[in-house]
Amino acid sequence: MMKKRIVIKLSGSVFGETANKKSLMKYAKMLKSIGRKMQIVVVAGGGYIARYYINLARELGVDEASLDELGIEVSRLNAQLFVYALGDAAYPHIPTNLHEIVVALETGKIVVAGGLHPGQSTNATSAQIDEKINANTFINATDVVGIYNADPNKYKNAKLFRSIGIRELQNMIVHESTMAGAYDLMDIVALKVIERSKLTTRVVKSDPSVIKRAAYGHNVGTIIIT
Ligand code: UTP
């Protein structure tokens with residue numbers, strides 16, 4: 001029987017300045033455990049390091065498309081680091097397009113990708129991968145517990161949604177920035193893909209035990225209703 005497929009986006013903060021051997025190995029162990037039951041594509045975010053590079057290059061007068069490409073390169077570096085943490089369980093090459101991801105999955109290994117196309121976030125990339133491989137389950141692990149009605153890092157009274165309609169979420173993010181490095185929780189490309197293919201999408205806290213529960217369908221974080 002074909003294994004269930006799942007796409008898990010890991011925020012760039014997993015690989016960033018606070019990462020260490022212990023934290024990376026915890027994520028790797030959890031994914032290897034899920035990997036016995038499911039075929040996993042992990043998508044690495046760019047995080048702080050991507051934003052740092054993008055901001056420096058922007059000051060140098062670099063155009064937005066090239067800044068997106070810089071962000072993609074950093075997310076791929078993070079992906080490569082995570083391949084080392086996964087060892088033999090991972091497919092060794094970082095795919096650069098959707099077709100390569102399909103081929104990589106045929107090996108049965110955990111596939112780790114970074115960004116793919118300029119003009120979007122790794123969340124959009126994750127949704128596109130999910131659509132392409134018919135995974136239907138997209139877990140977006142972030143540095144917050146789920147989707148709030150305001151940024152919980154700025155507003156301490158922000159309210160957490162256990163579920164939210166896709167249209168409501170689209171209306172919420174429509175006013176957000178679309179500059180390189182500034183795509184927040186979900187960008188419009190991600191939401192459009194989630195909507196058109198009715199992907200079961202959950203935004204959860206980036207904690208190995210929470211991600212594992214989400215992968216097994218438990219009601220954690222915020223589910224997006226399509
Ligand atoms: P991320 O999507 O990782 O942004 O890619 P982020 O906001 O840092 O996400 P977290 O915090 O790690 O979860 C970094 C930048 O790389 C470019 C965009 O400019 C994005 O903001 N990028 C990434 C693309 O243009 N296309 C992609 O497919 C991925």
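Everything quoted here is computed from the prediction, not taken from an experiment. Whatever order the structure lists ligands and atoms in, that order sets their numbers, starting from 1. Both backbone and side-chain heavy atoms feed into the values below; hydrogens, waters and symmetry mates do not.
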*Asks:* In chain order, what residues pass the side chain to side chain donor-acceptor pair (under 3.5 Å) check against R5, with sequence neighbours excluded?
*Replies:*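 Partners of R5 under the side chain to side chain donor-acceptor pair (under 3.5 Å) test: Q39.
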*Asks:* Drop me the distance from K9's NZ to D130's CG, to the nearest 0.5 angstrom.
*Replies:*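 These two atoms lie 14.0 Å from each other.
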*Asks:* Treating Y27 as the side-chain partner and S206 as the backbone partner, does any N or O pair qualify as donor plus acceptor under 3.5 Å?
*Replies:*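 Yes.
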*Asks:* Please verify whether a non-hydrogen atom of S75 lies at under 4.0 Å from ligand 1.
*Replies:*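 No heavy atom of S75 comes that close to ligand 1.
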*Asks:* Does the pair N219 and R202 meet the rule for a side chain to side chain contact (heavy atoms under 4.5 Å, CB included), with working shown?
*Replies:* CA-CA 9 Å; N219 187 15; R202 210 174 260 289; 3.2 Å; yes
*Asks:* Please confirm whether N123 comes within less than 3.5 Å of ligand 1 when only nitrogen or oxygen atoms on both sides are compared.
*Replies:*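 No; every N/O pair is 3.5 Å or more apart.
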*Asks:* Can you list the ligand 1 atoms lying under 4.0 Å from a non-hydrogen atom of G119?
*Replies:*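 Atoms satisfying the 4.0 Å criterion: 25 (O).
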*Asks:* Would one find an N or O of I54, backbone or side chain, under 3.5 Å from an N or O of ligand 1?
*Replies:*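 Checking ligand 1 against I54, no N or O pair falls under 3.5 Å apart.
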*Asks:* Please could you name the atoms of ligand 1 that S11 approaches to less than 4.0 Å, counting only its heavy atoms?
*Replies:*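 Within the 4.0 Å cut-off of S11, ligand 1 contributes 12 (O), 13 (O).
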*Asks:* I'd like to check which ligand 1 atoms, numbered from 1 as shown, lie under 4.0 Å from a non-hydrogen atom of P118.
*Replies:*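 Under 4.0 Å from P118, ligand 1 has these atoms: 25 (O).
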*Asks:* Run the numbers for me: atoms of ligand 1, each under 4.0 Å from some heavy atom of G115, listed by number.
*Replies:*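 The atoms of ligand 1 under 4.0 Å from a heavy atom of G115 are 27 (C), 28 (O), 29 (C).
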*Asks:* Of the listed options (E69, K9, E73, Q128), which comes nearest to atom 13 (O) of ligand 1 when hydrogens are ignored and any heavy atom counts?
*Replies:*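 Nearest heavy atom to atom 13 (O) of ligand 1 lies in K9.
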*Asks:* Determine, stepwise, if the pair E73 / Y53 fulfils side chain to side chain contact (heavy atoms under 4.5 Å, CB included).
*Replies:* CA-CA 10 Å; E73 289 302 327; Y53 269 71; over 6 Å; no
*Asks:* Out of all atoms in ligand 1, which are within 4.0 Å of some heavy atom of G45? Include the element for each.
*Replies:*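 It comes down to these atoms of ligand 1: 3 (O), 12 (O).
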*Asks:* Ligand 1 and T125, any nitrogen or oxygen pair closer than 3.5 angstrom?
*Replies:*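 There is such a contact, yes.
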*Asks:* So for ligand 1, is A50 a polar contact partner (N or O within less than 3.5 Å, distance only)?
*Replies:*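 No; every N/O pair is 3.5 Å or more apart.
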*Asks:* Say whether L67, considering both its backbone and side-chain N or O atoms, lies within less than 3.5 Å of an N or O atom on ligand 1.
*Replies:*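 No, there is no polar N/O contact under 3.5 Å.
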*Asks:* What distance do T142 atom OG1 and N123 atom CG have between them, rounded to the nearest 0.5 Å?
*Replies:*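 Between atom OG1 of T142 and atom CG of N123 there are 9.0 Å.
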*Asks:* Counting each atom of ligand 1 from 1 as listed, which ones have a heavy atom of H117 under 4.0 Å away?
*Replies:*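 Reading through ligand 1 atom by atom, the close ones are 24 (C), 25 (O), 26 (N), 27 (C), 28 (O).
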*Asks:* Stepwise, does the side chain to side chain contact (heavy atoms under 4.5 Å, CB included) test hold for M186 with V203?
*Replies:* CA-CA 10 Å; M186 282 284 183; V203 177; 4.1 Å; yes
*Asks:* Enter the distance from R76:CZ to L116:CG here, rounded to the nearest 0.5 Å.
*Replies:*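 The CZ atom of R76 sits 6.5 Å away from the CG atom of L116.
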*Asks:* Could you list which atoms of ligand 1 come closer than 4.0 Å to a heavy atom of Q120?
*Replies:*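 Those atoms are 17 (C), 18 (C), 22 (N), 23 (C), 24 (C), 25 (O), 26 (N), 27 (C), 28 (O), 29 (C).
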*Asks:* With sequence neighbours excluded, tell me which residues meet salt bridge (Lys or Arg N to Asp or Glu O under 4.0 Å) with K29.
*Replies:*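 With sequence neighbours excluded, K29 shows a salt bridge (Lys or Arg N to Asp or Glu O under 4.0 Å) to no residue whatsoever.
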*Asks:* Are any of the N/O atoms in G12 less than 3.5 Å from those in ligand 1?
*Replies:*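 By distance alone, the answer is yes.
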*Asks:* Output, in order, the C-alpha distance, side-chain angles, deciding distance and verdict of side chain to side chain contact (heavy atoms under 4.5 Å, CB included) for V204 and I211.
*Replies:* CA-CA 7 Å; V204 304; I211 295 170; 4.3 Å; yes
*Asks:* Do ligand 1 and S13 have nitrogen or oxygen atoms that lie under 3.5 Å from each other?
*Replies:*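 Between S13 and ligand 1 (N or O atoms, distance only) the closest approach is not under 3.5 Å.
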